[in-house]
Amino acid sequence: MPNKPTPVIFDCDPGHDDAIALLLALASPELHLLGVVTSYGNQTLAKTTVNALRLLQFAGRADIPVAVGAAQPLQRALEVAAHVHGESGLDGPALPPLATQPASQDAVAFTAQLIRSAAQPVTLVPTGPLTNLARYLAAHGTAGIARVVLMGGAIAEGNMTPAAEFNIWCDPEAAAQVFASGLDITMIGLDVTHKALLGPAVEAQLRSAGRVGTFVAELNVFFSVYHKHTYGWDGAPIHDAVAMAHVIRSGLVETRARNVEIETASELCRGRTVVDLWRRTNRAPNAHVGVDLNAPAFFELLVERITRLG
Ligand code: RIB
Ligand code: CA
């Protein structure tokens with residue numbers, strides 16, 4: 001008897017890799033995508049929300065509700081990543097003109113209602129700053145949440161600064177609240193997602209996979225420009241799709257139960273995820289931290305699922 005689909009709420013800032021994660025979720029019968037929540041991050045909230053709505057239209061899934069989330073961090077000033085994702089936040093291939101609206105509820109009320117009405121505890125997949133989740137937890141606590149599988153942080157990398165990954169750097173206070181919540185948290189960080197480079201070979205497979213595959217390949221063409229310039233890579237790390245894939249198939253990412261603390265006091269190391277990988281302290285583990293990825297198996301899953309979307 002196959003397992004019941006896992007109910008999921010996707011909290012994102014599309015964003016090229018968020019977009020690929022969303023399409024992967026839509027193509028995966030292991031998941032039941034209850035709804036999407038948007039956040040500032042890769043671009044302003046207005047732009048990420050329009051991108052999420054248009055992506056769902058493009059995939060023929062305008063039935064999936066979208067709620068508008070946080071426009072800025074809890075305390076910090078708003079910063080967006082237009083240098084990576086472009087002015088629209090999803091520069092590159094065209095999307096259909098906007099023809100739908102977000103839900104009338106704000107993200108916190110929307111999330112509370114979806115969790116209350118779900119038949120089983122819900123998995124939250126945040127792939128942007130953690131402001132929405134921190135606000136939700138402050139209002140409603142952890143009841144009804146099965147686990148959180150988030151893209152963010154790093155053991156030994158930084159992409160917004162030498163010390164910090166963008167999602168955590170945007171709102172370190174929110175991240176600190178999430179990692180202190182007691183929830184079952186899986187942290188898919190840069191150490192793992194930098195192994196998920198979508199390069200020319202997979203791009204070619206996607207182009208022959210159909211309309212959606214071609215769209216994903218075109219997203220990757222734009223997303224690769226920044227990474228070629230910054231890292232010299234021939235491809236882009238599709239960070240958020242790795243987090244979503246981990247919910248779909250747990251064996252792709254190897255994790256370790258470790259303590260993770262968030263730096264909020266230092267400006268130099270703002271948003272650093274201090275991962276006690278070698279257990280140098282007595283701090284109790286509070287997250288399953290990604291340490292390795294089976295990249296070939298991940299891309300095999302991605303291409304196979306995107307192909308299903310036609
Ligand atoms: O640091 C990478 C993360 O920041 C990804 O989620 C990307 O979409 C941006 O949100
Ligand atoms: Ca993201």
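Numbering of ligands and ligand atoms starts at 1, following listing order.
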Notebook entry, point to check: V37 and side-chain contact (heavy atoms from CB on, under 4.5 Å): which partner among D11, V108, L133?
Noted result: D11
Check: Would you say the side-chain atoms of D13 and S39 include a donor-acceptor pair closer than 3.5 Å?
Finding: no
Margin query: Regarding E165 and T273, do their side chains bring together a donor and an acceptor under 3.5 Å, going by distance alone?
Written below: no
Notebook entry, point to check: Rounded to the nearest 0.5 Å, what separation is found between the CD1 atom of I145 and the OG1 atom of T123?
Noted result: 10.0 Å
Polar pairs, ligand 1 vs protein, N/O only, below 3.5 Å.
| residue | atom | partner | partner atom | Å |
| --- | --- | --- | --- | --- |
| ligand 1 | 1 (O) | N159 | ND2 | 2.8 |
| ligand 1 | 1 (O) | E165 | OE2 | 2.5 |
| ligand 1 | 4 (O) | N167 | OD1 | 3.2 |
| ligand 1 | 6 (O) | T127 | O | 2.9 |
| ligand 1 | 6 (O) | N167 | ND2 | 3.1 |
| ligand 1 | 6 (O) | D240 | OD1 | 2.6 |
| ligand 1 | 6 (O) | D240 | OD2 | 3.1 |
| ligand 1 | 8 (O) | D17 | OD1 | 2.7 |
| ligand 1 | 8 (O) | D17 | OD2 | 3.1 |
| ligand 1 | 8 (O) | D18 | OD1 | 3.0 |
| ligand 1 | 8 (O) | N42 | ND2 | 3.0 |
| ligand 1 | 8 (O) | D240 | OD2 | 3.1 |
| ligand 1 | 10 (O) | D13 | OD1 | 3.2 |
| ligand 1 | 10 (O) | D13 | OD2 | 3.0 |
| ligand 1 | 10 (O) | N42 | OD1 | 3.4 |
| ligand 1 | 10 (O) | N42 | ND2 | 3.4 |
| ligand 1 | 10 (O) | N167 | OD1 | 2.8 |

Item checked: From T255 atom OG1 to I188 atom CD1, the distance as rounded to the nearest 0.5 Å -> 7.5 Å
Next item on the list: Sort and list the pairs that fulfil side chain to side chain donor-acceptor pair (under 3.5 Å) and have at least one residue in residues 101-115, not counting sequence neighbours.
Entry: Q105-Q113
Next item on the list: Taking the six-membered ring for Trp and the full ring for Phe, Tyr or His, determine whether the centres of H194 and Y231 are under 6.0 Å apart.
Entry: yes
Note to self: If we only look closer than 3.0 Å, how many protein N, O or S atoms does the Ca ion (ligand 2) have near it?
What the structure shows: 5
Margin query: I need the L183 CG to L124 CG distance, nearest 0.5 Å.
Written below: 7.5 Å
Check: Which residue pairs pass the ring pair (Phe, Tyr, Trp, His ring centres under 6.0 Å) test with at least one member in residues 290-310, sequence neighbours excluded?
Finding: none
